[in-house]
Amino acid sequence: MAAPALWQPQEQGLREICTLLEAHISPNSDQARIWQQLQHYSQFPDFNNYLVFLLARGEGNSVEVRQAAGLLLKNNLRTTFSSMPPPSQQYIKSELLPCIGATNRAIRSTVGTVISVLFQIVRVAGWVELFQALHKCLDSNDLDHMEGAMDAIYKICEDVPEELDVDVPGLSERPINVFMPRILQFFQSPHATLRKLALGCINQYIVVMPSALYMSMDQYLQGLFNLAKDPAADVRKLVCSAWVQLIEVRPSILEPHLKNVTELILQANKDSDDEVALEACEFWSAYCDVSMPPEGLREFLPRLIPTLLSNMVYADDDESLADAEEDESFPDRDQDLKPRFHASRLHGSEAGEDDDDDDAVNVWNLRKCSAAGLDVLSNVFGDSILPTLMPLIEQNLARTDDDSWKERETAVLSLGAIAEGCIAGLYPHLPQIVAFLIPLLDDKFPLIRSITCWTLSRYSKFIVQSLDHPNGREQFDKILMGLLRRILDTNKRVQEAACSAFATLEEEAAEELVPHLEVILKHLICAYGKYQRRNLRILYDALGTLADAVGAELNQAKYLDIFMPTLIAKWQQLQNSDKDLFPLLECFTSIAQALGPGFAQFAEPVFQRCINLIQSQQLAKIDPTAAGALYDREFIVCSLDLLSGLAEGLGAGIESLVAQSNLRDLLLQCCMDEAADVRQSALALLGDLSRVCPIHLHPRLQEFLTVAAKQLSPQSVKDAVSVANNACWAIGELAIKIGKEIEPVVISVVSCLVPILKSPEGLNKSLIENSAITLGRLSWVCPDIMAPHMDHFMQAWCSALCMIRDDFEKEDAFHGLCAMVAANPSGAVGSLAYICQACASWTDIKSEGLHNEVCQILNGYKQLLGNGGWEQCMATLEPAVVQKLARYGV
């Protein structure tokens, strides 16, 4: 194997590459030109040999140039190593190994990075010499060599920990078994870097837990206890991280030591280093999430709660403090505009259950983690934390001097954090709490005004529940007007908090907002003239939520005149490529659904704009230059959802618009898109159009059905359950409208729905409900096709029907059940008990026709079985079920 070492660089080539790398790391160079030149050099088969030579032997060059060579080498290896000639592969490996212990730390670190990337390609068996070299370095007692080896091992553990826990031909032991004892010894090293790397390595194995770590667990835990008070903050942080991971994935290992660990975590939660305190603070939520016995924490609460509270006070360097100074005259910077995510339309019981993103600024820090910890503790321990917590909150609220504003702010944050968990104990005092909070909406400190908005929103459900109490309505009106006042605040942070809080209140209050509609709309439109781009997005959301909350009440000329002209002016002003269209499209979707036919006067330009957006984006996907825009599928998703909103709002009134457009062909294309969110929204629109104007889908009906049925295959359900959900719903909607024309896909659809109903574990509730309804609708229109197969699915289907609430979709499904049983009565005898349970699941069948059909089916079975057989069946049912069946005359 000596031959590859004969490779030597050409002096001139080496000089050229060095010059290029110097330019590459210079801030003022023409990066595009340099990138082209690097691409040119990378065509040469030995270019990577030059790079490794510079990294390993380029002592005459600056460390920065050598590092640049190493990082370029790392990126090249990812894509080209496997196709390199073996002599080059061997040369690169052999040059890296002697540099593991290089005297310069930056070079050692770069070598470790290159080694870990190369290792991911060749694995242990492809580079046994690496392990011999690492082992030798670990045993050398030379700090540079030990640190370099540990750095490389740490990077390998971080990327592919399981790869060190494999049997390798030619090695007597798995690599991790050889390294583990040595790494554990480094816990006692006098060098902080070695202690840190050793901890970092082993922490990567907590989740995969190889036997090497499991067998050394006592030594590892003892090491963690010994390092808990380490002088190096990085080490203390890793100790806390280990305990958090252990409680999350291996709680049984910590259980015998829990009291000691909790004590040490509590101390670490007060650490002078914020990062250590933050890592320790994650422990409380983790402890509660894994359902450890809460009693283990109870004795610590009197000391833990004050710690959390003091860590919730704004730190002097918290970036929110700087943000809070910005009033509305400061234009938004691009980085202020967070990426936003549009949730595609979903049909079913879980639609619209968003996670509320309570906090505007997304940086996780000790303050937020402590507030989250208090929230979790309040949910686990409930009112029992109030005797410890409330005196501290009252003490902070009593401090009214300007210097104590941060403590006052923390008290308000705490009241918000415990709003759900401690509501039983707080509810009797809600009027006093609200009375205390309302004046704080006008506090001179903007962060107190903004946190007060958030905290009031956390109580909005209970405030609405109290409307019938004495003074409940007056309390509600004060909060409503207080939040509207803050929506017009001059401070951007307060505007944002007030708008978000108001949207939460709208969701809870719904029709209670109707008497206030005029004043609400006037405030929102006034804010519209004040807000910068970021807060405009939240304002659109508040307006859309208002439309969802009050529905058709909004459809009055006096209200429309307040807000529609402003929205339409904005709609016309924004270009088709402007992302500020997204929240406006969402807002229009809610308004169209709320106004119903009242939206007709605005519908034509809105409909046409959606068609244009979808068309131009589909062109941008193939040819961005011709489209004059880069492809962004969110334009398509939002446009499809707005078209769904129009279909829902206008009903058959949308027909003339669809007739004059090419929506059918665009929609079919979207139903076949490779992106799941586009398919999801397209299939929702397919279902909505099936309801209101199926005639326009007709020319391509079989294609639509085939595409929708494809989304229900077991693999498709696994890959994109929400797409499958909408496809299932759309097929059911089509079935009712087109009747027998659905026959070609019935068997393929049913063969996909049955496995969903038979093994519902782990699938979302919507998909199971929609599968049951669609199966019923198919049975209703094609009973003769379905009836011969019903013994395959009747029991699972009836169990799913029991779970569905009374509505017209459930009625459709039962029409199907009755039609199928009528077509093949003997085929369902074996499932009669299940059919009875499904019939008993109705609170009240509104349709007289369906009620009579169910009576006929059940009475038919009673006659068929005779009294003895019927009584036998009834004996297998719960008494409550038998009682409910009496309404069907059996």
Side-chain angles (χ1 to χ4, degrees), residues 346-350 683 705-706 708-735 742-805 809-821 823-842 857 861 873 876-878 881:
L346 182 73
H347 271 280
S349 61
E350 293 176 5
L683 288 157
L705 286 169
T706 307
K710 237 189 215 162
Q711 311 302 319
L712 294 173
S713 73
Q715 189 57 48
S716 302
V717 171
K718 202 169 156 190
D719 293 342
V721 73
S722 299
V723 177
N725 178 69
N726 285 0
C728 178
W729 174 77
I731 290 169
E733 290 294 340
L734 271 168
I742 200 133
E743 284 182 354
V745 297
V746 166
I747 294 300
S748 67
V749 170
V750 172
S751 64
C752 291
L753 297 182
V754 172
I756 292 170
L757 294 173
K758 282 191 167 172
S759 52
E761 300 78 23
L763 290 173
N764 73 16
K765 193 171 157 217
S766 270
L767 179 61
I768 296 156
E769 288 187 5
N770 277 322
S771 298
I773 290 162
T774 294
L775 199 63
R777 287 172 163 176
L778 293 173
S779 306
W780 192 14
V781 296
C782 305
D784 42 339
I785 297 181
M786 299 285 286
H789 306 283
M790 67 182 165
D791 56 330
H792 292 303
F793 57 77
M794 185 58 92
Q795 296 183 2
W797 181 38
C798 287
S799 299
L801 288 174
C802 290
M803 301 300 153
I804 300 174
R805 63 179 180 276
E809 293 184 328
K810 185 168 178 172
E811 285 186 8
D812 290 353
F814 269 77
H815 280 300
L817 177 68
C818 295
M820 198 163 44
V821 170
N824 180 11
S826 58
V829 171
S831 307
L832 181 57
Y834 289 86
I835 294 173
C836 289
Q837 282 173 323
C839 295
S841 71
W842 282 91
I857 294 293
Y861 275 124
C873 176
T876 64
L877 299 173
E878 298 277 329
V881 172

Exercise for review: Check whether any side-chain heavy atom of V717 sits under 4.5 Å from a side-chain heavy atom of S713, and report yes or no.
Suggested key: no
Exercise for review: List in chain and number order the residues that pass side-chain contact (heavy atoms from CB on, under 4.5 Å) with V746, two or more places apart in sequence or in another chain; answer none if no residue qualifies.
Suggested key: I742, V750, L778, C782, I785, M786
Point to revise | Closest non-hydrogen atom pair between C836 and L877, with its separation | key: CB-CD1, 3.8 Å
Revision key, fill the gap. Residues at least two apart in sequence or cross-chain that pass side-chain hydrogen bond (donor to acceptor under 3.5 Å, both in side chains) with E809, listed by chain then number, are W729
Exercise for review: First locate atom OG1 of T774, then atom CG of L734, and finally report the distance between them rounded to the nearest 0.5 Å.
Suggested key: 10.0 Å
Review point. Sequence neighbours excluded, which residues qualify as salt bridge (charged side-chain N to carboxylate O under 4.0 Å, His left out) partners of K810?
Key: D806
Revision key, fill the gap. Residue pairs meeting side-chain hydrogen bond (donor to acceptor under 3.5 Å, both in side chains), one or both in residues 776-786, sequence neighbours left out, come to E733-R777, R777-D812
**Study point:** For Q715, all residues meeting side-chain hydrogen bond (donor to acceptor under 3.5 Å, both in side chains), sequence neighbours excluded
**Key:** D719
Check your understanding: Do S716 and V723 come within less than 4.5 Å of each other through their side chains, counting heavy atoms only?
Key -> no
Revision key, fill the gap. Value for CG (N770) from CG (L775), rounded to nearest 0.5 Å, stands at 12.0 Å
Point to revise | Minimum heavy-atom distance L712-C752, with the two atoms named | key: O-CB, 3.2 Å
Exercise for review: Would you check if C728 and L753 make a side-chain contact, meaning some heavy-atom pair closer than 4.5 Å?
Suggested key: yes
**Study point:** Contacts of type side-chain contact (heavy atoms from CB on, under 4.5 Å), residue C873, not counting sequence neighbours
**Key:** L832, A833
Give the table of side-chain donor-acceptor pairs shorter than 3.5 Å for residues 788-802, with sequence neighbours excluded, one pair per line with atom names and distance.
unit_1	atom_1	unit_2	atom_2	d
W797	NE1	A772	O	2.9
S799	OG	Q795	O	3.0

Exercise for review: Would you mind listing every salt bridge (charged side-chain N to carboxylate O under 4.0 Å, His left out) that reaches into residues 743-754, with sequence neighbours excluded?
Suggested key: none
Point to revise | Interatomic distance, L705 atom CG to S748 atom OG [nearest 0.5 angstrom] | key: 9.0 Å
Review point. Which heavy atom in S771 sits nearest to a heavy atom in L757, and how many Å separate them?
Key: CB-CD2, 4.0 Å
Point to revise | Rounded distance [0.5 Å steps], CZ in F814 versus CD1 in I857 | key: 11.5 Å
Review point. With a 4.5 Å limit on heavy-atom distance, are the side chains of M803 and I768 in contact?
Key: no
Revision key, fill the gap. Sequence neighbours excluded, the answer for side-chain contact (heavy atoms from CB on, under 4.5 Å) partners of S751 is none
